[in-house]
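These notes are about the structure you will find just below.
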Amino acid sequence: MGERNEREEIAKAYLEKAKEHLKAAKISLEYGLFRDAISRAYYSVYSAALGKVPKTHAGLRTSFSLLVREGVVEVEYGKIISKLYEMRETSDYDPISFYGEEETEQAVSDAERFLFRMEGLFEEIRSRVNRGT
C-alpha cells in the first residue's frame, strides 16, 4: 500500500507542476510572449500526462499513444501532445518561424483542456483502485 500511496503523491505533484506551467503559459500569453506561452503550454501537457513522465519527449508521445490505443484516453489528447510538441520545437529552436496570438491562444486552451482531462482520469483511476476494480 505504501508504494501505491507514493505513486499517487508523485502523480499529484506532477499535476500541480502542470498547473504551474499552465499558469505561466497564460501569463506569457497575456504579455504577448507567444514563444514562452507555447513552451509552457507544452510543458504543462508533458507534466500532466498521467503523472508519469518519461525521460524523453519521444518517450512521452510513445507511452501516451499506448494509452490511446488501449482506450484509456481519447485520441484528441494524443494529438494535443504531438501538436504542442511541434509548436514548442519551432518556438524554442527556429528563430524565424513564429506563432501569432490566435495560434498561441489555441495552444494554451488545448493545454488547459488536456490538464482538465488528466485530472479527471487521475480521479477515475484512483476511484477504481480504491474500490479494488
Side-chain angles (χ1 to χ4, degrees):
M1 182 129 136
E3 185 180 327
R4 188 178 89 207
N5 287 338
E6 183 179 343
R7 283 194 312 251
E8 186 176 313
E9 289 303 311
I10 290 169
K12 280 194 229 178
Y14 274 118
L15 287 171
E16 287 303 313
K17 188 175 182 178
K19 288 177 189 176
E20 288 178 18
H21 287 308
L22 183 59
K23 184 177 181 178
K26 288 178 177 183
I27 291 168
S28 295
L29 176 61
E30 182 181 332
Y31 284 92
L33 303 170
F34 301 142
R35 291 177 192 273
D36 287 333
I38 288 169
S39 182
R40 295 303 92 199
Y42 169 74
Y43 280 106
S44 176
V45 165
Y46 185 84
S47 294
L50 294 178
K52 197 175 158 187
V53 179
K55 294 181 187 208
T56 67
H57 298 285
L60 170 70
R61 293 189 313 278
T62 299
S63 65
F64 202 84
S65 70
L66 292 173
L67 295 175
V68 170
R69 274 187 258 151
E70 292 170 359
V72 174
V73 70
E74 299 80 9
V75 172
E76 71 179 286
Y77 298 101
K79 289 179 180 179
I80 288 173
I81 289 175
S82 295
K83 176 184 160 192
L84 290 180
Y85 172 76
E86 289 173 18
M87 291 178 80
R88 185 201 61 90
E89 284 282 299
T90 299
S91 292
D92 284 355
Y93 301 113
D94 187 339
I96 297 170
S97 295
F98 187 79
Y99 292 103
E101 185 173 4
E102 188 174 312
E103 293 163 306
T104 304
E105 285 174 351
Q106 185 62 55
V108 172
S109 176
D110 287 345
E112 186 168 36
R113 198 167 81 248
F114 186 96
L115 175 56
F116 182 76
R117 178 63 181 111
M118 292 307 104
E119 287 176 315
L121 186 57
F122 173 77
E123 289 303 322
E124 289 170 28
I125 291 168
R126 197 168 87 165
S127 292
R128 276 190 231 141
V129 167
N130 289 337
R131 286 192 321 260
T133 59

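Not measured: the values here are computed from a predicted model.
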query: So, do Phe114 and Ile81 sit near enough that their side-chain heavy atoms are less than 4.5 Å apart?
result: yes

query: Is the side chain of Ser28 donor-acceptor paired with the backbone N or O of Ala24 at a distance under 3.5 Å, no angle test?
result: yes

task: Look at the side-chain heavy atoms of Ile, Leu, Val, Met, Phe, Trp and Tyr, link any pair under 4.5 Å apart, and say whether Phe116 and Phe122 land in one connected group.
output: no

- prompt: Would you call Glu9 and Lys12 a salt bridge, taking side-chain N to carboxylate O under 4.0 Å as the test?
  reply: yes

message: Do Val73 and Met118 have side chains that approach each other closer than 4.5 Å (heavy atoms only, starting at C-beta)?
response: yes

message: Determine whether a donor-acceptor pair (N or O, by modelled atom type, separation under 3.5 Å) exists between the side chain of Glu123 and the backbone of Gly120.
response: no

- prompt: Do you know which two heavy atoms are closest between Leu84 and Ala111, and how far apart they sit?
  reply: CD1-CB, 4.1 Å

Side chain proximity check, Arg35 to Tyr99, heavy atoms < 4.5 angstrom: no

query: Would you say Ser44's side chain and Arg40's backbone share a donor-acceptor pair under 3.5 angstrom?
result: no

- prompt: Going by heavy atoms in the side chains, are Gln106 and Met87 under 4.5 Å from each other?
  reply: no

- request: Give the C-alpha distance, both sets of side-chain angles, the deciding distance and a yes or no for salt bridge (Lys or Arg N to Asp or Glu O under 4.0 Å) between Lys79 and Glu76.
  value: CA-CA 5 Å; Lys79 289 179 180 179; Glu76 71 179 286; over 6 Å; no

- prompt: Is a side-chain donor-acceptor pair under 3.5 Å present for Arg113 with Ser109?
  reply: no

- request: Could you label the plane-to-plane angle of the Tyr46 and Tyr42 rings as parallel, tilted or perpendicular, counting under 30° as parallel and over 60° as perpendicular?
  value: tilted

message: I need the Leu29 CG to Thr104 OG1 distance, nearest 0.5 Å.
response: 6.5 Å

field: pair Glu103-Phe34: side-chain heavy atoms closer than 4.5 Å
entry: no

- prompt: If two hydrophobic side chains count as joined below 4.5 Å and joins carry through other members, does Ile27 share a cluster with Leu115?
  reply: no

- prompt: Any chain of hydrophobic side-chain contacts (each under 4.5 Å) joining Val108 to Leu33?
  reply: no

